[in-house]
Amino acid sequence: MIDLRLLREDPELLRASQRKRGEPVERVDELVAADEARRSAVSSFEALRAEQKQLGRLVPKAAGEEKAALLAKTKELAEKVKRAEAAVGEAEAALRAAQLALPNLVEEGAPAGGEDDYVVLREVGEKPSIAAPKDHLELGEALRAIDMERGAKVSGARFYYLTGQGALLQLALLQYGLSVAVEAGFTPMIPPVLVKPETMEGTGFLGAHASEIYHLPADDLYLVGTSEVPLAGYHKDEILNLTGPQRYAGWSSCFRREAGSYGKDTRGIIRVHQFDKVEMFSFCPPEQAHEEHLRLLAIEEELLGKLELAYRVIDVAAGDLGSSAARKYDCEAWIPSQGKYREVTSTSNCTTFQARRLNVRYRDAEGRPQTTATLNGTLATTRMIVALLEQHQQPDGTVKIPKALQAFLGGRDVLEPA
RNA sequence: GGAGGCUUCGCCUAGUUCGGUCUAUGGCGCCGCACUGCUAAUGCGGUUGGGGUCCAAAGCCCCUCCCGGGUUCGAAUCCCGGAGCCUCCGCCA
């Protein structure tokens, strides 16, 4: 949700943001109108209510005819108050709807345009030159690390088993990721992966992404698509004592329906319904959010570097940010079998947009409650296995394990076909 | 699944019998001031949050006693529905 004070002060800023996203500018003016309508409804209600309270206080003191007259008057007033109150309720609902319809203000500097208008900030590491690279599934099957067939037998398409050294590799990757986070001052968290509708809604995932999410109707709970959801909800309706960023690293399974992606990435574990991820999440004072965002990106890059992967960083264009993010950087690892870079991490600065919905605040230097900023970023995830296997494959069918992971694999430095 | 109890301004708590300055009591904590060589102790004052009005501040006003309805001129208080927590029973591990 956008800050209504900002909306009143500088609607043009928001219109410009909408243009940059390629979204309708009218949403801004609709919100301005809804805001004004609400305030006028509130004023009328409050005036009537004040009068009612004042008269009501006279009732017990009055007697006889005077009292009867007073009661008649207050009764009439009570009717009006009730109507005015209902009008406020409607105006508030309309305002909320208009507020939910407007995405976050895009950060200055983010590229304008849609999905293909990203800007490549840098390419890091040397792409391995592999003659006729095998893809991760071929490698994974030879290593007996990935079993898609049985995943499909048991659960359906886009499900898989990680087996043997594949399972160990994922655990090593996630543990290493978590250890990097802990070293950087993040509190490790293992959150619930089923959340209530209000939590899912608060994080902004029930809007355009609603069809991406698994819902359990019998209990009215949602399976999270990322631990960003339970981490963001962790401090819902709280006022935090923040001086700097409060950082959490959540380790969880993630569930995605992948509706509308039929036919895309059907081979292997690039796009699956269930995977595991260590996610960074920060609550911080808004003026520190930009710096924190760069910090999250730096941590992601540090990890990719330690995994000895070639990758590039892109500055995602405004139209591809999603509603909550003001700025987003993706790291994309080189996938030799595809000859392409593919997203492995993504970090977003949601400024105060998400926290306002969830009502997460902190006290500023004057002791006044203010909305926090929230940021998130991927640290380690199942998808990285794809890049690890493919980039580190050897002509003999083995796969080298990067030094950083060896300690988490009992010192092993290579995966070998079983 | 069944029965009962609880939910008040950061925490604890009074108030709910019998509806009306409850415009919510007290303690703890916190902040400020005074006293003191410093600390402690003590005294005095302040301290829920949201919103409206306003250029702004002050002030004033409205909402907020778990949530949503209802009764009433008037609800923390009465009625109905719901949520959360706790205890016991049952069931499953």
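Only heavy atoms go into these numbers, but all of them, side chains included; no hydrogens, no water, no symmetry mates. Residue numbers begin at 1 in each chain, while the letters A, B, ... track the order of the sequences.
Straight-line distance between the P atoms of B:C33 and B:U87: roughly 46 Å, to the nearest whole Å. B:C85 and B:A24: their C1' atoms are spaced 24 Å apart (whole Å). Rounded to a whole angstrom, the distance from the C1' atom of B:A75 to that of B:C86 is 28 Å. Nucleotides B:U47 and B:C28 have their C1' atoms positioned 13 Å apart, rounded to a whole Å. Taking atom C1' in both B:C30 and B:C11, one finds a spacing of 12 Å when rounded to whole Å. Rounded to a whole angstrom, the distance from the C1' atom of B:U64 to that of B:G52 is 15 Å. When the P atom is compared between B:U13 and B:G27, the two are found 16 Å apart, to the nearest whole Å. Here, B:G29 and B:U17 have their C1' atoms 33 Å apart, quoted to the whole Å.
Residue contacts for A:Lys53: at a heavy-atom cut-off of 4.0 Å it reaches the sugar-phosphate backbone alone, with no base atom in range. Nucleic acid contact class of A:Arg356 (heavy atoms, under 4.0 Å, all strands): none. Across all strands shown, A:Arg38 has heavy atoms under 4.0 Å from sugar-phosphate atoms exclusively, and none from any base.
With a 3.5 Å ceiling on both atom-pair distances, B:C91 lacks any Watson-Crick or G-U wobble partner. A 3.5 Å limit on both hydrogen-bonding distances identifies B:C80 as the Watson-Crick or G-U partner of B:G68. Taking a pair to require two hydrogen-bonding distances under 3.5 Å in either a Watson-Crick or a G-U wobble arrangement, B:C73 pairs with B:G20. With a cut-off of 3.5 Å on both pairing distances, the Watson-Crick or G-U wobble partner of B:G4 is B:C86. B:C60: Watson-Crick or G-U partner is B:G52, with both key distances under 3.5 Å. Pair check for B:G29 finds B:U47; Watson-Crick or G-U wobble, both atom distances under 3.5 Å.
Remark: A:Glu26 engages no residue in a salt bridge (Lys or Arg N to Asp or Glu O under 4.0 Å) (not counting sequence neighbours).
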With a 3.5 Å cut-off and sequence neighbours excluded, list the donor-acceptor pairs that the side chains of residues 42-51 of chain A form with protein atoms.
from, atom 1, to, atom 2, distance (Å)
A:Ser43, OG, A:Arg39, O, 3.3
A:Ser44, OG, A:Ser40, O, 2.8
A:Arg49, NH1, A:Gln52, OE1, 2.7

Check: residues 409-418 of chain A side-chain donor-acceptor pairs under 3.5 Å, at least two apart:
from, atom 1, to, atom 2, distance (Å)
A:Arg412, NH2, A:Gln165, OE1, 2.7

Quick one: side chains of residues 68-77 of chain A, donor-acceptor pairs under 3.5 Å with protein atoms, not counting sequence neighbours, listed by atom name and distance.
from, atom 1, to, atom 2, distance (Å)
A:Thr74, OG1, A:Leu70, O, 3.0
A:Thr74, OG1, A:Leu71, O, 2.9

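When the P atom of B:C61 is taken as reference, atom CD of A:Glu51 falls 15 Å away, rounded to whole Å. Rounded to an integer number of Å, the gap from CG of A:Leu77 to C1' of B:G74 is 12 Å. Protein atom CD of A:Glu46 is 11 Å distant from nucleotide atom C1' of B:C60, rounded to whole Å. Rounded to whole Å, atom C1' of B:C66 lies 12 Å from atom CG of A:Asp237. Rounded to an integer number of Å, the gap from CZ of A:Arg368 to P of B:G10 is 18 Å. Taking atom CD of residue A:Glu79 and atom C1' of nucleotide B:G74, one finds them 15 Å apart after rounding to whole Å. Following rounding to the nearest Å, A:Leu48 (CG) and B:U53 (P) show an atom-to-atom distance of 16 Å. Here the P atom of nucleotide B:G49 and the CG atom of A:Asn359 are 13 Å apart, to the nearest Å.
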Output, in order, the C-alpha distance, side-chain angles, deciding distance and verdict of salt bridge (Lys or Arg N to Asp or Glu O under 4.0 Å) for A:Glu343 and A:Arg312.
CA-CA 9 Å; A:Glu343 177 190 329; A:Arg312 69 176 185 181; over 6 Å; no
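If you check B:G51, B:C61, B:A75 against the side chain of A:Val42, the one that comes closest is B:G51.
Phosphate contact (OP1/OP2 of B:C63, side-chain N/O of A:Arg49, threshold under 4.0 Å): present. For A:Arg361 and B:G49, the shortest distance from a side-chain N or O to OP1 or OP2 is not below 4.0 Å. Residue A:Arg363 has no polar side-chain atom (N or O) positioned under 4.0 Å from OP1 or OP2 of B:C30.
With no hydrogens or angles considered, a side-chain donor-acceptor pair links A:Glu228 and A:Gln354 at under 3.5 Å. In this structure, a donor-acceptor pair under 3.5 Å is present between the side chains of A:Lys277 and A:Thr226.
Pairs of residues two or more places apart, or lying in two chains, never qualify as side-chain hydrogen bond (donor to acceptor under 3.5 Å, both in side chains) while including a residue from residues 85-98 of chain A.
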Which atom pairs link the protein and nucleotides 68-73 of chain B when you take only N or O atoms and keep those under 3.5 Å?
from, atom 1, to, atom 2, distance (Å)
B:U71, OP2, A:Lys82, NZ, 3.4
B:C73, O4', A:Thr74, OG1, 3.1

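Looking only at distances, no side-chain donor or acceptor of A:Glu292 sits under 3.5 Å from a matching main-chain atom of A:Cys284.
Comparing A:Ile239 and A:Arg39, the nucleotide of RNA chain B nearest to each residue sits closer to the 5' end for A:Ile239. Judged by closest nucleotide on RNA chain B, A:Gln370 is the one of A:Gln370 and A:Lys196 placed further toward the 5' end.
Screening A:Asn104, A:Asp315, A:Asn349 for a side-chain hydrogen bond (donor to acceptor under 3.5 Å, both in side chains) involving A:Arg327 leaves a single residue, A:Asp315.
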